[in-house]
Amino acid sequence: MIRVMVVDDEALIRTGFQRILDAAEDIEVVAAVPGGQAVPTARDTRPDLVLLDIRMPDVDGLTVLACLRRLPHPPVVAMLTTFDMDEYVAAALRSGAAGFLLKDTDPEELPFLVRALADGGTVLSSKVTRTVVDGYLEAGPQEPAARSLCRLTERERAVLVLVAEGLSNADIAARMHLSTGTVKDHVSAILTKLEVGGRVQAALLAERAGLLKPPQEQQDQPHLQCRPDQPPEQPQQHLEEE
C-alpha cells in the first residue's frame, strides 16, 4: 500500500483528494490535515507521500516542506496549487519537492500520478513544465553544471540520464538489470554528489550540462568533458551483484 497524507487548508480539497485516492486498491490516505498539523502528523503516521498545498493561511507550504525533508524518514513531497503559474514553484523544487500538481488534476489521473511519485518518479503539471525547465536552463552557464557531473561514476551518469528521461526507480532497475534497492542507492548518491534537493534538479542539471545530448554532440563540446584535475570517481563497490 502507498501511504499518503494530504495537507491543505481547505477541508473540501482534503476530503475530495482522500475519497479519490482511497478508491484505489493500492493507496491509503493515512491523514488529511491542515498545514499546522502536517509535521507532527507525518511523524506519527510516517506516510510514503505527502501532497502539500503550497499556499496556506496558517503556515507557509515551503516551511512545511523544509520540515518534512528534515524528518528521520522523510516522505516524498509533491506540491499542490490552484495556479497554473506560481512564483514558489522554483523554490519548492530547489527544496526537494518531487512534483508540482494542480488541484484541478483529472481525478482519474490522480492515482497514477501518486503511484509514479511513490516509485521515485517526478511529476510536473504540463502547464508549468516548460516554464520551469526554460527558467532553469537560462539560469546560468553550462560549464559549472558539467563540472559537477565529473563527481559521478559512469554507472551513476547512466542512472542520471534515465532519471532525466522521467523513468521511475523500478523502470530504471528493469532497464539496467539492477535491483530497485541498488537504483535507490545510486539516486541517493547522485543527489548527494550534485548537491541538489531532488530528482527534478538533478534532471535539469543533466540537461543543462548536455548529458542528454547524443554522444557525438557531447564530444563536440569540450566543456562537457571532465578535466584532468577532475577525474570521474571510481565506481563504488556494492554489496550485491549488479
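Computed from a prediction, not measured in an experiment: that's the story for all the values here.
With a 4.5 Å cut-off on side-chain heavy atoms, Pro34 and Asp58 count as touching. Side-chain contact between Val163 and Ile190 is absent, with no heavy atoms from C-beta onward closer than 4.5 Å. Side-chain atoms of Arg151 and Glu195, non-hydrogen and from C-beta on, do get closer than 4.5 Å to each other. Between Phe17 and Leu110, some side-chain heavy-atom pair lies under the 4.5 Å cut-off. Side chains of Glu156 and Thr153 form a contact here, defined as non-hydrogen atoms less than 4.5 Å apart. Here the side chains of Ile172 and His186 are not in contact, with every heavy-atom distance at 4.5 Å or above. Looking at Asn169 and Thr180, their side chains come closer than 4.5 Å, going by heavy atoms from C-beta outward. Leu149 places a side-chain heavy atom less than 4.5 Å from the side chain of Leu160.
The distance from atom CG of Leu101 to atom CG of Leu52, rounded to the nearest 0.5 Å, is 11.0 Å. Taken from OG1 in Thr105 to CZ in Phe112, the straight-line distance is 13.5 Å, to the nearest 0.5 Å. Remark: Arg199 CZ to Leu117 CG distance equals 10.0 Å, nearest 0.5 Å. To the nearest 0.5 Å, atom CZ of residue Phe100 and atom CG of residue Leu80 are 9.0 Å apart. A distance of 9.5 Å separates CD1 in Ile2 from CG in Leu21, rounded to the nearest 0.5 Å.
Minimum heavy-atom separation, Ala202 to Leu194: CB-CD1, 4.3 Å. Considering every non-hydrogen atom in both Met176 and Ala158, the closest pair reads CE-CB, 3.9 Å. Leu49 and Val77 get closest at one heavy-atom pair: CD1-N, 4.4 Å. Across every non-hydrogen atom of Val30 and Pro47, the tightest pair is CG2-CB, 4.1 Å. Taking both residues in full, the closest heavy atoms of Gly61 and Met56 are given as CA-CE, 3.9 Å, listed atom of the first, atom of the second, then distance. Listed here is the closest heavy atom pair of Val59 and Gly36: CG1-N, 3.7 Å.
For the side chain to side chain contact (heavy atoms under 4.5 Å, CB included) test, residues two or more places apart in sequence or in another chain that qualify with Ala116 are Val123. Shown here are the side chain to side chain donor-acceptor pair (under 3.5 Å) partners of Asp22, two or more places apart in sequence or in another chain: there are none. Partners of Asp26 under the side chain to side chain donor-acceptor pair (under 3.5 Å) rule, at least two apart in sequence or in another chain, are Arg115. Shown here are the side chain to side chain contact (heavy atoms under 4.5 Å, CB included) partners of Asp44, two or more places apart in sequence or in another chain: there are none. Remark: Thr63 pairs with Asp60 by the side chain to side chain donor-acceptor pair (under 3.5 Å) rule, at least two apart or across chains. With sequence neighbours excluded, the residues that form a side chain to side chain contact (heavy atoms under 4.5 Å, CB included) with Thr41 are Met5, Ala31, Val33, Gln37, Thr45. Annotation: side chain to side chain contact (heavy atoms under 4.5 Å, CB included) contacts of Ala23 (sequence neighbours excluded): none.
A donor-acceptor contact shorter than 3.5 Å is absent between the side chain of Asp119 and the backbone of Ser168. For the pair Thr15 (side chain) and Leu12 (backbone), a donor-acceptor distance under 3.5 Å is absent. A distance-only check finds a donor-acceptor pair linking the side chain of Thr192 to the backbone of Ser188 [under 3.5 Å]. For the pair Arg55 (side chain) and Thr81 (backbone), a donor-acceptor distance under 3.5 Å is absent.
Residue pairs meeting the salt bridge (Lys or Arg N to Asp or Glu O under 4.0 Å) criterion with at least one member in residues 160-179: none, sequence neighbours excluded. Pairs engaging residues 5-20 under the salt bridge (Lys or Arg N to Asp or Glu O under 4.0 Å) rule: Asp8-Lys103 [sequence neighbours left out].
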Side-chain donor-acceptor contacts of residues 65-76 below 3.5 Å, not counting sequence neighbours, with atom names and distances?
from  : atom 1 : to     : atom 2 : distance (Å)
Arg69 : NH2    : Gly197 : O      : 3.2
His73 : ND1    : Arg46  : NH2    : 3.4
His73 : NE2    : Arg46  : NH2    : 3.3

Any chance you could lay out the side chain to side chain contact (heavy atoms under 4.5 Å, CB included) test for Arg157 and Cys150, step after step, and finish with the verdict? CA-CA 9 Å; Arg157 288 194 187 196; Cys150 291; 4.2 Å; yes
